[in-house]
Structures are given as structure tokens and as C-alpha cells.
Amino acid sequence: MPDAPALHLTAIDTHAHVFSRGLNLASERRYAPSYDAPLGDYLGQLLAHGFSHGVLVQPSFLGTDNRYLLNALQTVPGQLRGVVMLERDVERETLDEMARLGVKGVRLNLMGQALPDLTGAQWRPLLERIGEQGWHLELHRQVVDIPALVRALEPYGLDIVVDHFGRPDARRGLGQPGFAELLTLGGRGKVWVKVSGIYRLEGSPEQNLAFARQALCTLEAHYGAERLMWGSDWPHTQHESAVGFSTALEQFEALGCSAELRRALLVDTARALFGFE
């Protein structure tokens, strides 16, 4: 679907969710919203904060029913991209249609779940089809498990995006299990990290921000700015009473990025990975 030519690219938010509380919820879920987060509200947040484009990520509580997300992509063609959740036996024709609408990735939200064996034969059809589409695979899991998941995916040659700094615990510092190994993955050129969800880092606001500053510095050194990107995580599910788009942006500003890193996080990385014109 062609991009809207009149929309000048100013900044890209790479992580947001839209939903309605009236939708069918996944039977296995950690959370259920008590409010609506419609597309119009999200577009208003983008406009109010100087962002032109965004990426909608399927929320885990909707499971693999991506209809609400796909409808949002159709509503404002070109302004948004999508990251969906899929059943392992999804048909190629379904993926082709999703690609036409602007889907660029598949999310594995493994928070609160048993760790899957991605080397198993039951995963092969889906992982191969993701590669055929040229999509990336997005991982949401605590940092201690991220390196093993990335290693399991290596035979497929997929681009991999790690959510929310890899979900480390700010109270445990940069030396916590998994984080040092996450840094080494940057040299392989197939892994990206979302610098997002600072308020999800398990510590106090002060601890979280201090850790995020240190983590961003080391991530830039190991990955390069071209593998890092920012996301608002709007509407900040499970934290919505204390966090808004403005809060997330203030936390980003407090990281003290250089002009070059700031442009990579807000524009250049996402434009290349998600195919924004």
C-alpha cells in the first residue's frame, strides 16, 4: 500500500499498541485492559509530540487476532507499520496480505510463559515464512533468556529485534546474567534493540533512569546507533496510571543523547528497518 506523500517524516515511534476493551481477549493472558486505546488517540499523541510515523505492536492480551491492528494500518496507509503475533501454522497468503498492509515483523511475547524450544521442528514453518517475507522477529523476554533465544534462531538468518532494553532488572546493574551476552550479540549485525519502556526496568524511577543511561552507552558501543531505536510503549499497559506519552518522552530526553544518536533512535534506524519512505 503506497505511503501518503504529504506526510513529512519527522520522527518515528517504534512501539505502541491500539485496542478496545470490547475485543476478544486471549484465553491465556497476564493482563486485561479496562479502557480503550483507539487509533485516533494514538495519532493525537504522535501529532502533539512531533512524531509523524509509528509502529503498532500486537498486544499480548489479544493473542493472534490481529484484526484491530490491521484495520488501523489500513486507516492511515503509509503512516504506520505493524508487528503481529501469529499461529505457527499461518498460511503464506495471510502473510502476503499482512505485508501489503504494512506489517514488517512478528512478535514472540514470551513474558510469563515457559521458554519454547525454537530449534524444534514445529517452529520451522513459521520461522521460514518470516524469513521469506523479509520480516524481523521481535523478542519480549527477560534478558537472562535472550541470548539463548537468539542462538536458537541463528540458522534461519532472521533479523531480530529485542524489546525494552531486553527487559533487564535495573537493580542488578550491567553485570546481571544475560546482559553482557546481549551486548556481544551486537557484533553479528542481525540484532536490533528497542530503547523503550524505561519504567519497566523493575527499580525505582531513579534506578531505572541511571541504568538506562549506562545501558544505552554500552549498547551504542557494541551495536552502533544504527541498531538502536526508541519507542513510547503507549499506552503503557499496567503502568497507565503513572506514565503517559509525555512521561516516556521525558525519560528519553533525560538520557542525554548526542544529536547523532538522537537522530538514529528517532528516525534513521526505524526508517531503514521498517521501510518508511
Side-chain angles (χ1 to χ4, degrees), residues 1-4 7 12-47 51-111 126 129-130 133-140 159 161 163-164 192 194 196-197 229-238 240 245 248 270-271 273-276:
M1 187 171 289
D3 284 353
L7 191 63
I12 303 165
D13 171 18
T14 69
H15 198 102
H17 310 287
V18 292
F19 52 82
S20 166
R21 68 192 127 176
L23 298 172
N24 292 326
L25 301 181
S27 57
E28 295 183 9
R29 59 184 184 273
R30 296 174 293 120
Y31 165 87
S34 60
Y35 60 95
D36 300 329
L39 175 62
D41 286 6
Y42 176 57
L43 296 177
Q45 293 291 338
L46 293 181
L47 181 63
F51 285 73
S52 57
H53 294 73
V55 178
L56 300 180
V57 178
Q58 175 76 345
S60 61
F61 51 80
L62 293 182
T64 58
D65 184 350
N66 299 284
R67 287 176 294 176
Y68 196 84
L69 184 152
L70 296 173
N71 183 66
L73 296 183
Q74 294 179 77
T75 301
V76 283
Q79 188 176 1
L80 304 172
R81 297 290 186 263
V83 177
V84 296
M85 291 174 60
L86 297 175
E87 300 288 348
R88 290 200 296 257
D89 60 354
V90 65
E91 297 293 334
R92 285 187 176 88
E93 293 78 10
T94 300
L95 303 187
D96 290 341
E97 175 62 14
M98 288 180 170
R100 187 184 69 80
L101 297 176
V103 171
K104 295 292 184 178
V106 175
R107 192 186 205 201
L108 281 185
N109 190 330
L110 302 173
M111 298 296 289
L126 174 61
R129 287 173 185 176
I130 292 171
Q133 291 290 345
W135 292 353
H136 66 262
L137 186 69
E138 183 170 304
L139 294 174
H140 189 206
D159 292 336
V161 174
D163 269 354
H164 304 328
W192 284 252
K194 286 187 179 180
S196 56
M229 52 192 156
W230 182 81
S232 70
D233 198 24
W234 187 89
H236 326 288
T237 54
Q238 302 182 67
E240 49 276 281
F245 200 110
R271 180 169 58 187
L273 182 65
F274 290 97
F276 285 108

Fill in: Residue pair Asp96, Gln133: steps toward the side chain to side chain donor-acceptor pair (under 3.5 Å) verdict
CA-CA 8 Å; Asp96 290 341; Gln133 291 290 345; 2.8 Å; yes
Practice prompt. Applying side-chain contact (heavy atoms from CB on, under 4.5 Å), run through Leu137 and Asp159 and close with a yes or a no.
Written response: CA-CA 6 Å; Leu137 186 69; Asp159 292 336; over 6 Å; no
Discussion item. Run the ring-ring contact (aromatic ring centres under 6.0 Å, His included) test on Phe51 and Tyr42 for me, step by step, so that the C-alpha distance in whole Å, both residues' side-chain angles and the decisive distance to 0.1 Å come before the verdict.
Written reply: CA-CA 11 Å; Phe51 285 73; Tyr42 176 57; 9.1 Å; no
Worksheet item: Does the side-chain contact (heavy atoms from CB on, under 4.5 Å) test come out yes or no for Leu139 and Asp163, once each step is laid out?
Response: CA-CA 6 Å; Leu139 294 174; Asp163 269 354; over 6 Å; no
Fill in: Stepwise side-chain contact (heavy atoms from CB on, under 4.5 Å) test for Leu69 and Phe19
CA-CA 8 Å; Leu69 184 152; Phe19 52 82; over 6 Å; no
Discussion item. side-chain contact (heavy atoms from CB on, under 4.5 Å), that's the test. Do Glu97 and Leu70 meet it? Break it down for me.
Written reply: CA-CA 10 Å; Glu97 175 62 14; Leu70 296 173; over 6 Å; no
Practice prompt. Mind running salt bridge (charged side-chain N to carboxylate O under 4.0 Å, His left out) on Lys194 and Asp233 for me, showing each step along the way?
Written response: CA-CA 10 Å; Lys194 286 187 179 180; Asp233 198 24; over 6 Å; no
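Between Val57 and Asn109 there is no side-chain heavy-atom pair separated by less than 4.5 Å. In this structure, Arg107 and Val84 have side chains that are not in contact, with every pair of non-hydrogen atoms separated by 4.5 Å or more. Contact annotation: the side chain of Ile12 never approaches that of Trp230 to less than 4.5 Å [non-hydrogen atoms, C-beta and beyond]. Using a 4.5 Å cut-off on side-chain heavy atoms (C-beta onward), Leu273 and Lys104 make no contact. Residues Leu80 and Val55 form no side-chain contact, since every pair of their non-hydrogen atoms from C-beta on lies 4.5 Å or further apart. Side-chain atoms of Val83 and Trp135, non-hydrogen and from C-beta on, never get closer than 4.5 Å to each other. A 4.5 Å side-chain heavy-atom check between His53 and Asp13 finds every atom pair outside the cut-off. Residues Arg67 and Asn71 have side chains not in contact (no heavy-atom distance under 4.5 Å, counting atoms from C-beta outward).
Summarising the geometry, atom CG belonging to Asn66 is positioned 11.0 Å from atom CG belonging to Leu56; distances are rounded to the nearest 0.5 Å. To the nearest 0.5 Å, the span separating OG1 on Thr64 from CE on Met85 amounts to 7.0 Å. Atoms OG and CG, on Ser60 and Leu110 in that order, are 10.5 Å from each other to the nearest 0.5 Å.
Closest approach of Phe276 to Ala270, counting heavy atoms only: CD1-O, 3.9 Å. Here the closest heavy-atom approach between residue Gly102 and residue Leu73 is recorded as C-CD1, 4.1 Å. Of all heavy-atom pairs spanning Asp65 and Gln58, the tightest one is O-NE2, 2.9 Å. Heavy-atom minimum distance, Ala16 versus Ser232: CB-OG, 4.3 Å. In this structure, Tyr68 and Leu39 approach most closely via the heavy-atom pair OH-N, 4.4 Å. Shortest non-hydrogen contact noted between Trp234 and Val18 is CZ3-CG1, 4.3 Å.
Between His15 and His17, the ring planes are perpendicular. Angles over 60° get that label, and only those under 30° would be called parallel. Aromatic ring pairs are classed by plane angle as parallel below 30°, tilted from 30° to 60° and perpendicular above 60°; the pair Phe274 and His136 is perpendicular.
The backbone N or O of Val90 sits less than 3.5 Å from a side-chain atom of Arg129, completing a donor-acceptor pair.
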